[in-house]
Asks: 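One structure, pasted below without further comment.
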There are 2 protein chains.
Amino acid sequence: MPAPPPPDDDARRHPRSRSRARTGAGGDRSGRSTAGRGPEPPRHEAIAAALRRAITEGRYPVGATLPSEAELAAAHGASRGTVRQAVAALLAEGLVGSRQGARRVVLSTTPSQSFTELRSFAQWARAGGRTAGGLVLSSSRGTARAEEAGLLQVPPGAPVLHVLRLRTLDGDPVLLERTVYAEWIAPAVEALPDDCESVTERLRRDEGLVFAHGEHHIDAVAAGTADADHLRVRRGSPLLRVRRTTTTAEGRPVETSDDRYRPGSVVFTVRNSTQTNPLTRTHA
Amino acid sequence: MPAPPPPDDDARRHPRSRSRARTGAGGDRSGRSTAGRGPEPPRHEAIAAALRRAITEGRYPVGATLPSEAELAAAHGASRGTVRQAVAALLAEGLVGSRQGARRVVLSTTPSQSFTELRSFAQWARAGGRTAGGLVLSSSRGTARAEEAGLLQVPPGAPVLHVLRLRTLDGDPVLLERTVYAEWIAPAVEALPDDCESVTERLRRDEGLVFAHGEHHIDAVAAGTADADHLRVRRGSPLLRVRRTTTTAEGRPVETSDDRYRPGSVVFTVRNSTQTNPLTRTHA
DNA sequence: TGAAGGAGCTTGTCCATACAGGTGACCGCA
DNA sequence: TGCGGTCACCTGTATGGACAAGCTCCTTCA
């Protein structure tokens, strides 16, 4: 849409520099804190963010078609490859659908507040406009049982840290976490305050530890005595159980946890697609 | 925009044809049933499949590093971009992790038998080496309630088809489906046999209808009288509920369903990553 | 012996180009 | 009027080149 600046031939060979210059010069982005805050995100991510915003704000309602790759490329002063990279993100989130030959279609306008991103409880709560709370009920050193050891990739009987934590949403108890931390991270966890709102964020800030990967197993169980007590439900009432194991970017397991959600307050959402995959997967 | 086909005699300008010719010459793929069985998968998919197989077969155990992109490219006679497209698929499946500067690491060797792919119950069962069964308990025309209408994107009161279906795994009842089909697909569904093993596959074969997208809401509920009866559990025992809506590739809703799973027999698995996204998402 | 530095490899980002294959709308003919 | 074919448009696939950023390991110096 915004006609690119007059054809400057020598600059055409440095599109990256050109557009960078543009954001600084023509676009009064300089007024924004782009330079001061962080190293400036990659182009494809910026484009994806712009599209995502346009969709969630209703500029493209459900069923509408997105501009073609060529148009988007021109509008953002990027190449088609970069635009494809951007829309691939929306594809993976299930916001848009794509078929060869046809324009892309908007499937949903609600941002994926779900598993697509690996979200901590606090982050997830904030995204929904709610306030999360936390309270450590007990914390004790112990040894890993066989199952836990397997998940944490340590020998059975290895020292670990067991933590029982109650999570609240707007003051209501909704989640009981039974977490087992690997020993190498235990001191950092013990140093946290009992009512720490977001363990994930604290560990990232204090230890530089990022939870990069996670595996979640979901099923339903009946509330036990302890569950019922803390979550304020009757014993035997249904709970949503999520057993998860989290690892660092290098694949080193950090924690494994048995999380039990009180139904009604929390619903998990997964969006799905035959084309979920980055750049295709349609075959067979 | 598309430059009219100029008279090009230079064979170097047709890398696709070149490599095809290579596979044809060196590997006499023509001798294989490639021509008879489907149109030959894209290169990047073939490479992804090879890597996936190597991982699940244990050639790369958990924690091992994958060959570099350059090595893979050379090994498969493809360009780096194509290899990147292939590994992006594994990234999205959570099989491998990736960090800039470091070799890719294997995170898991179990194929994602889960939500990453949109699988029908029968397909999913087969993948696990089990046999799926189905039985229609009731099927009746009716009108859409407000909630159903919203999910199917039809006006409230529009004609729909309600189907109650019991699914079995190796003969045991594990899933009770309450499905609402949009009217335009209702005749095809009614034409199906009552004990149809896979509705998804039949509809694809007979109608050319593909279930391309899905949205799933997961929570836990107590078994009602009917649930308890059909699933052979006590009333009030916990069930895993998945409310899902499925649409075609164009985004047209096909069905919406309330599925209740008997716990113990089925566990949902979701694998997760900060880098789940196609080609990045690490920022912020 | 231990720590700082650098070289080389590897992944991330981006561009330009070309062709294949599917979609959908327009147009002409019966 | 209705049907079928043509064609512009759009996405999928693939290559190749260039540079940036980050990780590892090895060397070198104190």
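Throughout, protein chains are lettered first and strands after them, A, B, ... in sequence-line order, and every chain is numbered starting at 1.
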Asks: Does a donor on one side chain sit under 3.5 Å from an acceptor on the other, for B:S198 and B:T200?
Replies: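 No, B:T200 and B:S198 have no side-chain donor paired with an acceptor closer than 3.5 Å.
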Asks: Does B:T82 have a side-chain nitrogen or oxygen under 4.0 Å from the phosphate oxygens OP1 or OP2 of D:dT15?
Replies: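 B:T82 to D:dT15 OP1/OP2: side-chain N or O found under 4.0 Å.
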Asks: Does B:Q100 reach a base, just sugar-phosphate, or nothing at all? Heavy atoms under 4.0 Å.
Replies: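 Since a base atom lies under 4.0 Å of B:Q100, the category is base.
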Asks: Keeping A:R43 on the side-chain end and A:G77 on the backbone end, is there a donor-acceptor pair under 3.5 Å?
Replies: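 Checked: pair present.
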Asks: Listed by chain and number, what are the side-chain contact (heavy atoms from CB on, under 4.5 Å) partners of A:A186, not counting sequence neighbours?
Replies: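 Expected list: A:R141, A:L161.
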Asks: Could I get the full list of salt bridge (charged side-chain N to carboxylate O under 4.0 Å, His left out) partners for A:R252, not counting sequence neighbours?
Replies: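 None.
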Asks: If each of A:G81 and B:A70 is mapped to the nucleotide of DNA chain C with the nearest heavy atom, which maps nearer the 5' terminus, i.e. the 5' end?
Replies: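 Checking each residue's closest nucleotide, the 5'-ward one belongs to B:A70.
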Asks: Applying side chain to side chain donor-acceptor pair (under 3.5 Å), can you list everything that pairs with A:T245, at least two apart in sequence or on another chain?
Replies: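 With neighbours one apart ignored, the set is A:T256.
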Asks: Find the distance B:Q85:CD to C:dT13:P and express it as a whole number of Å.
Replies: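 After rounding, the gap between these two atoms is 15 Å.
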Asks: Please give, in whole Å, the distance from C:dT10 C1' to B:E71 CD?
Replies: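 B:E71 atom CD is separated from C:dT10 atom C1' by 10 Å.
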Asks: Of the listed nucleotides (D:dC10, C:dT11, C:dC14), which one gets closest to any side-chain atom of A:S68?
Replies: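 Nearest to the side chain of A:S68 among the choices is D:dC10.
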Asks: Figure out the CG/C1' separation between A:L91 and D:dT11, and round it to whole Å.
Replies: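 That distance rounds to 11 Å.
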Asks: Kindly write out the residues that satisfy side-chain contact (heavy atoms from CB on, under 4.5 Å) with A:V254, not counting sequence neighbours, or none if the list is empty.
Replies: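 A:V254: side-chain contact (heavy atoms from CB on, under 4.5 Å) contacts with A:W184, A:I185, A:L209, A:F211, A:T248.
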Asks: Give every residue pair that meets the side chain to side chain donor-acceptor pair (under 3.5 Å) criterion with at least one member in residues 53-69 of chain A, sequence neighbours excluded.
Replies: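 Every side chain to side chain donor-acceptor pair (under 3.5 Å) pair that includes a residue of residues 53-69 of chain A, provided the two are not neighbours, is A:E69-A:R80, A:E69-A:R84, A:E69-A:R104.
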Asks: Just how far, in rounded Å, is C1' of D:dG22 from CD of A:E250?
Replies: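 Checked: the CD to C1' distance equals 13 Å.
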Asks: Taking atom P of D:dT15 as reference, at what distance in whole Å does atom CZ of B:R84 sit?
Replies: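 Whole-Å distance recorded here is 15 Å.
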Asks: Please report the distance, rounded to the nearest Å, between CD in B:E69 and P in D:dT15.
Replies: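 Rounded to the whole Å, the gap is 13 Å.
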Asks: For B:H44 and D:dT13, what is the distance between atoms NE2 and P respectively, to the nearest whole Å?
Replies: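 Distance check: B:H44 NE2 to D:dT13 P gives 4 Å.
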Asks: Can you check whether B:R103 has a side-chain N or O nearer than 4.0 Å to OP1 or OP2 of C:dT10?
Replies: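 The answer is yes; a side-chain N or O of B:R103 sits under 4.0 Å from OP1 or OP2.
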Asks: Does A:A48 have any side-chain contact (heavy atoms from CB on, under 4.5 Å) partners at least two apart in sequence or in another chain, and if so, which?
Replies: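 Counting only residues at least two positions away or on another chain, A:A48 forms a side-chain contact (heavy atoms from CB on, under 4.5 Å) with A:R52, A:A86, A:A89.
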Asks: Tabulate atom names and distances for all N/O pairs under 3.5 angstrom spanning the protein and nucleotides 3-8 of chain C.
Replies:
none

Asks: Nearest nucleotide by nearest heavy atom, which residue falls closer to the 5' end of DNA chain C, A:S79 or B:P67?
Replies: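 Result of the comparison: B:P67.
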Asks: If you restrict it to nitrogen or oxygen atoms, what contacts under 3.5 Å exist between nucleotides 17-19 of chain D and the protein, and what is each distance?
Replies:
from: D:dA18; atom 1: N6; to: B:R80; atom 2: NH2; distance (Å): 3.3

Asks: Report the distance from atom CZ of B:R99 to atom C1' of D:dT24, rounded to the nearest whole Å.
Replies: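 After rounding, the gap between these two atoms is 10 Å.
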Asks: So, using salt bridge (charged side-chain N to carboxylate O under 4.0 Å, His left out) as the criterion, who are the partners of B:E201 when residues are at least two apart?
Replies: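 Expected list: B:R126.
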